[in-house]
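Scroll down for the structure; my scribbles are underneath it.
Predicted model, so just to flag it, every value in this text is computed and none were measured.
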Amino acid sequence: MTAPGTRAGAPAQDSDDLDLEEALALVREPRGDSAGQMPAPAPEPTGERHRATPWHQARETAARAARTRPRRTPVSVPLGEALGLVLAAPLDALTDLPSFDTSAMDGWAVAGPGPWQVRDDGVLAGHAQPEPLTDGEAVRIATGARIPADTTAVLRSEHGRTDTQGRLHAARDLAHGQDIRPRGQECRTGDQLLPVGTLVTPAVLGLAAAAGYDTVSAVPRPRAEVLVLGDELLTEGLPHDGLIRDALGPLLPPWLRALGADVVAVRRIGDDAEALYRAVTGSDADLIVTTGGTAAGPRDHVHPLLERIGAELLVDGVKVRPGHPMLLARTKDDQHLVGLPGNPLAAVSGLLTLAEPLLRTLAAHPAPDPYALPLTEAIQGHPYDTRLVPVVLRGDRAVPLHYNGPAMLRGVAAADALAVVPPGGARPGAEAELLDLPWASAGIGVCFT
C-alpha cells in the first residue's frame with residue numbers, strides 16, 4: 001500500500017534539534033519593515049530533510065485519511081455511556097412532551113371563576129389521573145402533577161389566599177390556561193427533535209430520556225492503542241544511570257480519551273523490532289499511536305516496520321517545530337498509525353497535528369471554528385517551519401509561555417492553547433491562530449472518562 005515515490009523505510013526527517021544555519025537564523029534580531037511586519041521567512045533549503053509536509057496540509061491529510069476508510073457501523077449505546085458521541089440517527093420523539101396536561105407551578109387547580117371551595121385532597125406528581133373539578137371548586141396541586149379534567153387554570157401558591165370560611169381567593173387576575181403545560185406543548189410523537197450528526201451533550205441526554213429513549217444510535221468511539229517505545233524509560237522513581245521517566249505513558253491515554261477515543265491498550269515495547277511488529281500486526285484498533293523511533297537511528301524501528309508490512313505512508317515528517325519527525329501511515333484499510341516523536345512536547349505537537357483531526361473525523365465531530373488572538377509579546381519563528389508554542393489566554397490576548405522546547409512539558413502543563421506561529425515568527429500584537437487544549441476548551445472534550 002506504499003504510495004508512489006514514498007518508501008516506508010526511507011530515512012525519516014531528522015530530529016527537532018536545529019543545525020548551525022537554523023540556530024543562527026533564530027538568534028538574529030528580527031528586522032521588520034516600516035509597517036512593523038516580521039521579515040519574510042528564510043528561503044527553504046532543498047534536500048531530503050526539507051521535503052516534509054506543510055503543517056496545515058498534514059492536518060488536512062489526517063482528516064481526509066479518516067474519511068476514505070470504510071464506513072463505521074453505528075452502535076446502540078445506553079444513555080449513560082453516550083456522552084460525547086455523535087448521533088447516527090435522528091432523535092424522534094417517542095411520546096408527546098409533556099405526555100399529559102401538567103401543572104407548571106405549585107398552587108391550586110381551579111375551575112370557573114372564584115372564589116373557590118377547596119377540596120380536602122391534593123394532587124401530587126406521579127399520581128394517577130385525579131377526579132375532575134366542578135365550577136367553583138379548587139384542589140391543591142404540585143408542580144408536574146396531572147391536571148384534573150375541567151380545570152380552568154392553576155393559581156400559584158403566592159397568588160392565592162383563603163378566608164375564614166375556607167374559600168380560596170385570587171390576589172390577581174387569572175387567565176384561562178395559566179400555568180398549565182398542555183400535552184404536546186414541546187413536541188408530538190414522531191417529531192424530529194435533533195438531526196443526525198448532533199453531538200451528545202448532557203442536555204441531549206436529558207432530552208432523549210424525556211422523549212422516551214433508553215439508548216441512542218451513535219457513531220462509535222474510535223479505538224486507539226498506545227505503544228510506548230524505548231529501553232531507556234522508567235515507569236516509577238527518579239531518573240538514574242542514563243534512564244529517564246516515561247512522560248508519554250501517563251500523558252497519552254487521557255489525552256486521546258479527551259479527543260474522543262476509546263483507549264483499548266497501552267503497551268510498553270522497548271526497542272524491540274519483533275515485539276513492535278507483533279503488536280502492530282496483532283492490533284485491531286482504529287488508530288495505533290507509537291512514541292519515538294520515527295527517525296533513522298539503529299534503534300528507530302517504525303519506518304522499517306511500515307516498509308515490512310507494506311503500509312502506505314501518508315505523512316512522513318511535518319514542517320512544524322517541535323514535532324518535525326512525526327508520521328501518519330495507513331496500515332490496513334480500516335486502521336492508521338500515528339508515529340509521534342519521543343520528546344514530550346514534540347509528541348503533543350504530533351497529537352494535535354495528526355491524531356486530533358483523524359480521531360475527530362472518525363468520531364464524526366465537526367471541525368472547530370478557527371480563531372485567533374493577538375499576542376502580548378513576540379514569538380521567535382523558525383526560518384521555514386511552523387512553530388507551536390504554549391500560551392495562556394488573558395482576556396482577548398494570548399500570552400506566550402517559556403519552557404517550550406521539544407523535551408519540555410512545563411509550558412504546556414500551564415497552557416490553555418498552542419499558538420500557531422508561521423515561519424519567520426510573530427511580532428507583539430500580531431494575531432496568532434490558536435489550538436485549544438481539550439481541558440481548556442468549552443466543548444465536550446473536557447470529559448476524560
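H301 places no side-chain N or O within donor-acceptor distance of the main-chain N or O of E274, the cut-off being under 3.5 Å. Looking only at distances, no side-chain donor or acceptor of T386 sits under 3.5 Å from a matching main-chain atom of V320. At least one donor-acceptor pair under 3.5 Å links the side chain of D101 to the backbone N or O of R183. The backbone N or O of A58 lies less than 3.5 Å from no partner atom in the side chain of T53, so there is not a single donor-acceptor pair. N343 places no side-chain N or O within 3.5 Å of a backbone atom of L345 that could act as its donor or acceptor partner. T294 places a side-chain N or O within 3.5 Å of a backbone atom of P325 that can act as its donor or acceptor partner. A donor-acceptor contact shorter than 3.5 Å is absent between the side chain of R321 and the backbone of G381. When atom types are taken as modelled, the side chain of Q185 and the backbone of P182 share no donor-acceptor pair closer than 3.5 angstrom. For R72 (side chain) and R221 (main-chain N/O), a donor-acceptor pair under 3.5 Å exists by modelled atom type.
When all heavy atoms are compared, the tightest approach of T143 to A104 is CG2-O, 3.9 Å. Counting all heavy atoms, side chain and backbone alike, R330 lies closest to H336 at NE-NE2, 3.5 Å. A pairwise comparison of heavy atoms in A224 and L256 identifies CB-CD1, 4.4 Å as the closest pair. Contact between L305 and Y277 at its shortest, heavy atoms only, is CD1-CA, 3.6 Å. Among all heavy-atom pairs drawn from A247 and P344, the shortest one is CB-CG, 4.3 Å. Minimum heavy-atom separation, L401 to V392: CD1-CG1, 3.8 Å.
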Exercise answer: donor-acceptor pairs, residues 189-197 side-chain atoms, under 3.5 Å, sequence neighbours excluded:
| residue | atom | partner | partner atom | Å |
| --- | --- | --- | --- | --- |
| T189 | OG1 | D96 | N | 3.2 |
| T189 | OG1 | D96 | OD1 | 3.1 |
| D191 | OD2 | R188 | N | 2.8 |

Identify every side-chain donor-acceptor pair in residues 205-220 under 3.5 Å, counting partners at least two apart or on other chains, and give the distances.
| residue | atom | partner | partner atom | Å |
| --- | --- | --- | --- | --- |
| Y213 | OH | D92 | N | 3.0 |
| Y213 | OH | D92 | O | 2.5 |
| T215 | OG1 | S76 | OG | 3.2 |

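Looking at heavy atoms from C-beta onward, R69 lies out of side-chain contact with K332 at the 4.5 angstrom threshold. Between V348 and L251 the shortest side-chain heavy-atom distance falls below 4.5 Å. Under the 4.5 Å side-chain criterion, counting only non-hydrogen atoms from C-beta, D246 is in contact with R268. The shortest side-chain heavy-atom distance between R156 and D179 falls under the 4.5 Å cut-off. Using a 4.5 Å cut-off on side-chain heavy atoms (C-beta onward), R308 and V280 make no contact. Contact of the L393 side chain with the L434 side chain is registered, since non-hydrogen atoms from C-beta on lie closer than 4.5 Å. Within the 4.5 Å cutoff, side-chain heavy atoms of L437 are placed close to those of W255. Here the side chains of T353 and V315 are not in contact, with every heavy-atom distance at 4.5 Å or above.
Under the rule for a side-chain contact (heavy atoms from CB on, under 4.5 Å), the partners of E225 that lie at least two apart in sequence or sit in another chain are L227, V264, A265, R267, S283, A285.
Residue L306 holds its CG atom at 10.0 Å from CG of L328, rounded to the nearest 0.5 Å. To the nearest 0.5 Å, atoms NE2 (H382) and CZ (R387) are separated by 9.0 Å. A distance of 12.5 Å separates CZ of R427 from CG of L375, quoted to the nearest 0.5 Å. With rounding to the nearest 0.5 angstrom, the NE2 atom of H240 is 10.0 Å from the CZ atom of R245. The CG atom of L337 sits 6.5 Å away from atom CG of L327, with the distance rounded to the nearest 0.5 Å. The distance from atom CG of L340 to atom CG of L354, rounded to the nearest 0.5 Å, is 8.0 Å.
A side-chain donor-acceptor contact under 3.5 Å links E433 and H56.
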inquiry  = Before you tell me yes or no, could you show the steps for R397 and L373 under side-chain contact (heavy atoms from CB on, under 4.5 Å), namely the whole-Å CA-CA distance, both residues' side-chain angles and the distance that decides it to 0.1 Å?
reply    = CA-CA 5 Å; R397 290 184 172 266; L373 289 178; 5.8 Å; no

request  = Check the pair V86, H365 against side-chain contact (heavy atoms from CB on, under 4.5 Å), reporting the backbone distance first and the verdict last.
outcome  = CA-CA 7 Å; V86 167; H365 289 176; 3.1 Å; yes

query = When you look at L91 and T198, which way does the side-chain contact (heavy atoms from CB on, under 4.5 Å) test go after all the steps?
reply = CA-CA 9 Å; L91 193 74; T198 299; over 6 Å; no

ask   = Can S103 and I147 be said to form a side-chain contact (heavy atoms from CB on, under 4.5 Å), step by step?
value = CA-CA 6 Å; S103 176; I147 295 292; 3.9 Å; yes

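In Y371, the OH atom is crowded: over 12 heavy atoms of neighbouring residues, nucleotides or ligands sit closer than 6.0 Å.
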